[in-house]
Each structure stands twice: as C-alpha cells, then as structure tokens.
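I have placed the structure first, in the form of structure tokens, so that the comments after it can refer back to it.
Within every chain, numbering begins at 1; the chains are lettered A, B, ... in the order of the sequence lines, protein sequences first and strands thereafter. Being a predicted model, the structure only gives us computed values, none of them experimental.
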Amino acid sequence: MTESLLAGLNPEQRAAVTLPHESALILAGAGSGKTRVLTTRIAYLIQTHQASPHNILAVTFTNKAAKEMLTRLAAMLPINVSGMWIGTFHGLCNRLLRTHYRDANLPQLFQILDSQDQQAAIKRLLKSLNIDDEKYPPKSVQNFINSNKEAGHRAGDLSAHDPFTRRLIELFAAYDEQCQREGVVDFAELLLRCYELLSRNEALREHYRNRFTHILVDEFQDTNRLQYRWLHLLAGPQAAVFAVGDDDQSIYAFRGANVGNMREFERDFNARQIIRLEQNYRSHGHILNAANALIKQNSERLGKNLWTSEGEGEPIRVFEAASDNEEADFIVDEVKNLQREEGVNLSDIALLYRSNAQSRVLEHKLFNAGVPYRVYGGLRFFERQEIKHALAYLRLIANQNDDGAFLRVVNFPPRGIGARTIENLQDASQAAGVSLWQAASGGAVSGRGGASLQAFVHLIAQAREATQGLPLAELVEHVLAVSTLIEHYEASKGESERVENLNELVNAAAAFEQEVRQEEEIEGLAGFLSHASLEAGEHQAGSGQDALQLMTVHAAKGLEFYAVFVSGLEEGLFPHDQSFNDADGIQEERRLMYVAITRARRRLYLTHAQSRMLHGQVRYGLASRFLEELPQNVLKAVGSRSRPMASSWNTGGWNDGWRSNSRSYDEPAPFRPKDDTPVSGGFHIGQNVSHAKFGIGVVIGSEGYGDDVRLQIKFAVGTKWLSLKYAKLDPA
DNA sequence: TAACATTCCGTTTTT
DNA sequence: CGGAATGTTA
C-alpha cells in the first residue's frame with residue numbers, strides 16, 4: 001500500500017523516505033526533490049503506522065515552506081493536517097510559549113517584536129538611560145543582543161574586560177528587563193525562552209520528548225547554534241531526527257547560520273548515515289557541470305556532485321558589457337527575444353543580482369522597453385507604517401503595558417500630546433516603576449497635555465470594553481474606526497494607498513480567523529498579532545500578470561526558472577568587496593554563485609560590465625573570478641542580437657572563451673519608443689507630459705508595473721513621483 | 001507639526 | 001547618485 005507513495009522516487013530518495021527509526025542526514029542537492037522527500041517521509045511514517053500525526057514535528061525556516069509542506073501532505077494523506085506541528089522555528093516556539101506562558105514567565109497575551117519594533121525598543125532604552133547613540137548605535141546594540149541570544153547567552157552569562165563591552169552587557173540586561181516589564185518578546189527571545197523552558201522544566205521536556213518521536217528539519221544548513229541546541233534538547237536520545245540540507249547552499253552565515261551544524265550532526269544525534277540526493281531534475285548538463293566545477297573550489301564540503309539524465313543542453317551565455325547600461329540593454333533584448341521568439345513566459349525568467357542597488361538600472365531599461373517586471377524585496381504588508389500603527393492600537397488593547405505600542409500611537413493621529421507631555425509621562429512612569437499606560441491613567445501628568453492623555457487612555461479603554469468578545473474582523477474594524485487612522489490618511493494627499501492597506505487589514509483579520517486560526521490553535525487577537533509579527537506577508541501584492549522576476553540571489557534560493565540572468569559578475573560586486581577579508585567570506589560568495597547557477601532549468605546568462613555607476617561614482621570592475629572558475633567548454637561568449645558586434649574590434653570571434661569585445665551598445669540610443677516598442681502605462685522616459693497642477697514636465701524615472709506604476713516627473717516646480725493610478729497625466 | 005534642508009551612508013534577510 | 005534619517009525653520 002505504500003507503493004503508490006513511493007512510486008517515481010529514485011533509489012536514494014526511496015532510501016531516505018523509508019529509513020528506519022533513526023537519525024539521518026539527507027544531503028539534498030539543488031533540484032533533487034528535497035521537499036518531495038521530506039513530505040513523502042512524513043506521509044510514509046503515518047501510512048505505515050510508525051507514527052501518528054501527533055508524533056511528528058517538522059521545522060522549516062519560512063512560513064512559505066511550512067505551508068507548502070502542509071499543502072502537499074494534505075494531498076497525500078486522507079487526514080486533517082491542520083493540527084500538525086509543522087511550522088517555522090519561531091512559529092513553533094510561539095505555540096509552545098503560548099501554551100505554557102506561566103511556566104515561561106510571560107503574560108498570556110505577550111506580544112512579539114519584529115526587528116523594527118526591537119530597534120525602536122532599543123532606541124527608547126538608550127534614551128531613557130541617557131546613553132549616547134553615537135557611541136552605541138541602536139543597530140549594533142541590537143546585533144550584540146541578538147547574536148548573543150542566538151548563541152544561547154544571557155547578559156548574566158557574559159563578562160567583559162573593556163568598559164565598552166561591559167556597557168553593552170549592561171544594556172543587554174536592561175533591554176531584557178524592559179521587555180519583561182512590557183510583556184514583549186523579540187524573535188531571538190522566542191527561541192531562547194523556549195529553549196530555557198524546556199531545559200529547566202523536566203516534566204515538560206519529557207512530555208514533548210515522548211510525543212515527538214520524529215523530528216524533521218528543512219534547510220538544516222541554515223540553522224544557528226541556538227536552533228541546533230533546541231533541536232537537540234527536544235529530540236532527546238530516542239527521537240529520530242531527519243535533517244535535510246545542503247551545505248553548498250549555505251548563504252546565511254552572515255545572520256548566524258552555522259554550516260558546522262551539519263558536520264556535527266552525525267556525532268551529536270548519533271546519525272547512522274548520510275544519504276545523498278544527487279540526481280537533479282531541474283537543469284540541463286552544462287548548467288550542472290558549471291555548478292559542480294565552481295563549488296568544487298570550496299573546502300570543507302561534505303561533498304556532492306549533481307547529475308542529470310537529461311542532455312547537456314545549451315551552453316551558458318556570457319556577455320561582457322562596456323557599462324551597466326549596456327548590460328541592461330542586452331538583458332532587455334534577450335528577454336524580449338525569449339518571450340517573442342521562443343514563447344517563454346516572462347514569469348519563467350529571472351533576473352538576479354547580488355545587491356538590491358543593482359535593480360535600478362535594470363528597472364529603468366525594462367520600464368522603457370515596456371517589459372512587465374516584478375521586483376521582490378522591500379516592504380511587506382505588516383511592515384508598512386500605517387499597518388504598524390493599526391497593530392499598535394490592537395496591541396495596546398491586548399496588553400496595556402506595551403510601552404512601544406503606546407508611544408507609537410499616543411499622538412498618532414495627532415491629538416495634542418506633544419514631546420513635552422510624553423517626556424513628563426516617561427519621567428513619571430520611570431519614577432513610579434509602572435508602565436506608561438498606568439502612569440497616564442493614574443493622572444501622572446497635569447495640564448493641557450495631561451487632559452489629552454486622559455482622553456487617549458479613555459479611548460483605548462473604551463475600545464477595549466466595546467470589543468470584548470467581538471469576532472476578530474469586527475474588532476479590527478472597530479479599532480480602526482475609533483483610532484481615526486483612516487480619516488487621518490484620507491485627509492492627507494497622496495496617502496490613499498495607506499487607506500487601502502488599512503481596509504485590507506480587516507480582510508486579513510477575517511482571513512486569519514477562517515484559515516490560520518485552526519492551524520495555529522492560538523486564538524483571537526493574540527493569534528492575529530503573532531501572525532502579523534511572524535509572517536510579515538507578501539512583499540508585494542501580486543498583480544497576477546505575467547512579469548519578469550527581479551530579485552537578489554538570496555531571494556532566489558529554492559526557486560527555479562526556465563531562463564536565468566545573473567548580472568553584475570564583477571570583482572567587488574559578486575563576490576562582494578566585504579567578503580574579501582576572510583576565506584569564509586569568499587566561500588560563501590561562491591555558494592551564492594552556486595545557488596544562482598542552479599536556479600536555471602534550460603538557459604543561463606552570466607553578464608558583467610566594465611564600468612558601473614555605484615554610489616555616484618563610476619567604478620571599473622574586472623570580471624568576477626567565478627567566471628574564470630567555470631569550465632570554459634560550457635561557456636559561450638555572446639554579443640547582442642539586434643546590433644551586431646563592431647567587427648573591427650572583434651578580432652577573436654565569438655567563441656574564444658568567454659571574453660568578448662562587444663561595443664554594440666555604447667552609442668547613445670536615447671529613447672526608442674517608435675515602431676513596435678510598447679510603453680508602460682502609455683508613457684516612456686523622456687516624454688513630455690502635462691499635469692493639471694504642476695504643468696508641463698518630463699518623465700525621468702519609473703517604478704512598478706501594471707496598476708502600480710509610478711512615474712518620476714521633472715516639473716518646473718520640482719521633481720515629483722506620481723502614481724499613474726491617481727494622477728491625471730496627459731502627453732504634452 | 002509639517003514642509004524643507006542637510007547629512008550620512010551604501011551586501012545579502014527571515015523570523 | 002538616491003534614500004533614509006535627522007535637523008531646521010515658518
């Protein structure tokens with residue numbers, strides 16, 4: 001009966017899925033069917049009655065991966081998977097801490113700080129202690145605290161010999177006290193608290209150890225020290241830990257990921273064997289050969305060689321441009337050709353770069369050429385200012401001691417509570433050792449500001465009263481209404497998007513109640529607020545339109561595309577300057593390049609430019625060393641198709657290695673909206689337009705696509721960004 | 001308090 | 001160069 005589950009698996013995949021009850025490391029190469037193995041393993045355990053859904057714990061890094069796993073599992077098994085413990089490290093810890101909040105010494109409705117909130121909390125702390133934030137930048141303090149927590153250290157565990165570090169440790173301690181007082185918990189704290197809870201409380205630990213006989217971990221190479229120890233603690237001696245990962249795709253060392261965990265796993269978890277998944281179902285041969293050859297240059301690998309039963313496929317195309325502009329022109333041309341002549345969907349083409357700053361030239365050219373594109377990264381839904389404000393009201397209703405939330409909205413929208421009043425309030429609360437809310441409701445501040453404060457306290461208290469027992473969506477609606485946030489944004493020009501987002505928040509609450517709630521088994525407001533912190537939402541509202549995918553190489557991990565462009569392959573950019581210091585840095589960059597290459601199914605372009613505008617200066621970069629580390633026989637130097645290479649330069653022809661002397665795009669070619677070039681939103685860069693209020697102007701920039709296009713226009717009165725959706729623009 | 005000027009900074013990023 | 005984050009002024 002398990003045959004249908006196992007059908008179509010290759011021998012290694014099958015071996016992994018059907019392993020006996022023991023810990024094992026699965027080295028899963030790019031495109032080797034990792035997620036399939038993971039989910040099939042779970043289904044297999046359940047179907048063969050080696051475990052019930054109750055006995056399984058599966059950990060991922062992103063909510064997306066967790067959701068994907070649940071979806072696939074639901075398709076494989078005739079059971080309700082929604083109650084299963086499948087989630088992110090942070091999500092699962094949150095669940096545990098909510099269940100055992102008393103043992104964890106937390107208020108029932110503790111709130112979760114995202115990085116933004118945490119930084120704000122630190123700034124506040126520094127201010128209250130009168131500490132110079134020049135000498136102790138909040139960012140560094142935050143980093144100090146988080147990296148220590150991620151190493152499992154509390155302030156009390158640390159010692160220092162220099163006064164500077166001693167001060168940092170004091171700040172660490174003071175920060176934790178502040179959080180405890182306010183009933184808030186940051187991301188690292190979520191894990192550390194949970195770890196401490198389990199290690200301190202033996203009964204609880206044994207309970208979960210007995211329950212989770214099978215623990216499965218995705219992206220194991222990305223675990224940090226604390227996550228590793230958490231797994232080790234929870235697994236105990238009996239559990240079988242199924243760790244899936246790829247050391248060659250470890251690209252998050254900079255944020256604490258420790259590849260060493262993979263090497264130590266065998267010893268610490270008594271793993272009997274390592275299973276290698278090396279058959280790649282994604283890419284053609286040349287692409288894999290390039291990837292294999294590149295990654296071979298790294299030391300201390302666990303070792304792995306990808307292969308495919310498909311053919312070699314096309315050579316990898318290498319293009320050298322004279323400038324970043326020319327590079328972008330080339331890419332735009334090739335994308336159009338792929339789309340028009342080969343019928344490739346734009347959404348099946350990715351444009352990758354090392355750092356976000358590189359997207360701007362590319363976007364500019366794409367917009368001008370009328371190629372729809374979507375940029376990944378940037379602000380996400382729950383990170384937007386207006387949403388944060390709304391959430392702060394909600395947080396205050398759930399927990400009045402949340403000073404961060406209090407300060408965020410006490411005078412937003414403006415209600416006559418100035419900096420002076422707030423200072424007085426803070427002094428009073430500090431003196432009395434109570435929260436801002438308590439101080440305010442106790443009438444700690446007198447005068448006009450004091451009266452306004454009373455009104456605010458009253459507003460929140462009323463809202464709290466009025467929303468008791470209301471369904472989540474109605475609760476949110478009510479709070480939005482009394483906060484007057486929407487009115488505020490409606491009254492100010494150019495903020496209509498914020499109004500839309502606030503209305504969308506009500507939908508998000510309704511959706512949460514319907515879908516997520518049963519899965520997370522954390523109810524009501526606290527659940528929704530956790531959800532908002534732990535899952536910040538989509539980067540951009542997907543317009544659903546077929547669009548070229550622009551993103552950093554980091555963001556591309558786990559994805560695949562028919563065609564991939566890796567741009568900016570220059571020394572200093574990719575590999576990045578700041579990786580030159582240590583050998584590990586370069587190795588991580590190389591792994592990054594490995595990730596980039598292995599995203600491509602059929603076609604891969606590697607491009608670099610001799611000169612590039614960076615930080616307002618022209619930089620001249622040599623071709624990336626990674627280009628030279630690739631086997632030359634899988635590469636093909638290309639020029640542009642639409643404008644042949646200047647033959648007088650091209651002494652060597654097209655195929656002598658990857659170097660080419662293309663000068664084809666050097667010439668100006670300012671705008672070419674003539675013949676067949678479609679133009680986004682009916683406008684193009686350089687075009688003269690007229691606006692009712694600002695008069696005549698010229699389009700000098702753009703961003704977004706579809707119904708989200710914004711144009712940068714230089715008017716006599718100055719340069720403005722206008723949304724095509726709202727601004728009335730006419731060609732002039 | 002909002003609009004405007006100035007300064008500073010500049011991988012990668014999920015939770 | 002361009003943005004974010006301050007600082008300054010009406």
Just checking K123(A): base, sugar-phosphate only, or nothing, at a heavy-atom cut-off of under 4.0 Å?
sugar-phosphate

Any donor-acceptor N/O pair, D133(A) side chain to P137(A) backbone, under 3.5 Å:
no

Could you give the CE-to-P distance, from M551(A) to dT14(B), as a whole number of Å?
12 Å

With sequence neighbours left out, the residues meeting ring pair (Phe, Tyr, Trp, His ring centres under 6.0 Å) with Y353(A) are none

Y353(A) OH to dT12(B) P, straight-line distance once rounded to whole Å
10 Å

Could you state the atom-to-atom distance from CG of N325(A) to P of dC1(C) in whole Å?
14 Å

Taking atom P of dT6(C) as reference, at what distance in whole Å does atom CG of D132(A) sit?
14 Å

Using a heavy-atom cut-off of 4.0 Å across all strands, would you classify Y252(A) as base, sugar-phosphate, or nothing?
sugar-phosphate

How far, in whole Å, is dT12(B) from dA5(C) if one measures between their P atoms?
15 Å

Check whether any side-chain nitrogen or oxygen of R255(A) sits under 4.0 Å from OP1 or OP2 of dT15(B), and answer yes or no.
no

How would you label the contact of S115(A) with the nucleic acid (heavy atoms, under 4.0 Å): base, sugar-phosphate, or nothing?
base

Rounded to whole Å, please give me the gap between CZ in F382(A) and P in dT13(B).
21 Å

Quick check on dT12(B): syn or anti? Syn means the glycosidic torsion is within 90 degrees of zero.
anti

So, for F412(A) and H488(A), is the gap between ring centers shorter than 6.0 Å?
yes

To the nearest Å, how far apart are R193(A) CZ and dT15(B) C1'?
17 Å

Looking at T552(A), I'd like to know whether one of its side-chain N or O atoms comes within less than 4.0 Å of OP1 or OP2 on dT13(B).
yes

In whole Å, what separates the C1' atom of dT14(B) from that of dG3(C)?
23 Å

Contact under 4.0 Å: R380(A) side-chain N or O vs dT15(B) OP1/OP2:
yes

Could you tell me which residues satisfy side chain to side chain contact (heavy atoms under 4.5 Å, CB included) with A536(A), sequence neighbours excluded, listed by chain and number?
R380(A), E383(A)

For residues 122-146 of chain A, which residue pairs qualify under ring pair (Phe, Tyr, Trp, His ring centres under 6.0 Å), counting only residues two or more places apart or in two chains?
Y136(A)-F164(A)

I'd like to check the ring pair (Phe, Tyr, Trp, His ring centres under 6.0 Å) partners of F254(A); sequence neighbours left out, ordered by chain and number.
Y252(A), H554(A)

Scan nucleotides 1-11 of chain B nucleotide by nucleotide, 5' to 3', and note B when protein non-hydrogen atoms come under 4.0 Å of the base, S if they reach only the sugar-phosphate, - if neither.
S--------BB

Nearest-Å distance, CG (L97(A)) to C1' (dT15(B))?
14 Å

Residue set satisfying side-chain hydrogen bond (donor to acceptor under 3.5 Å, both in side chains) with E589(A), at least two apart, ordered chain then number -> R354(A)

Please give, in whole Å, the distance from dT13(B) P to Q227(A) CD?
18 Å

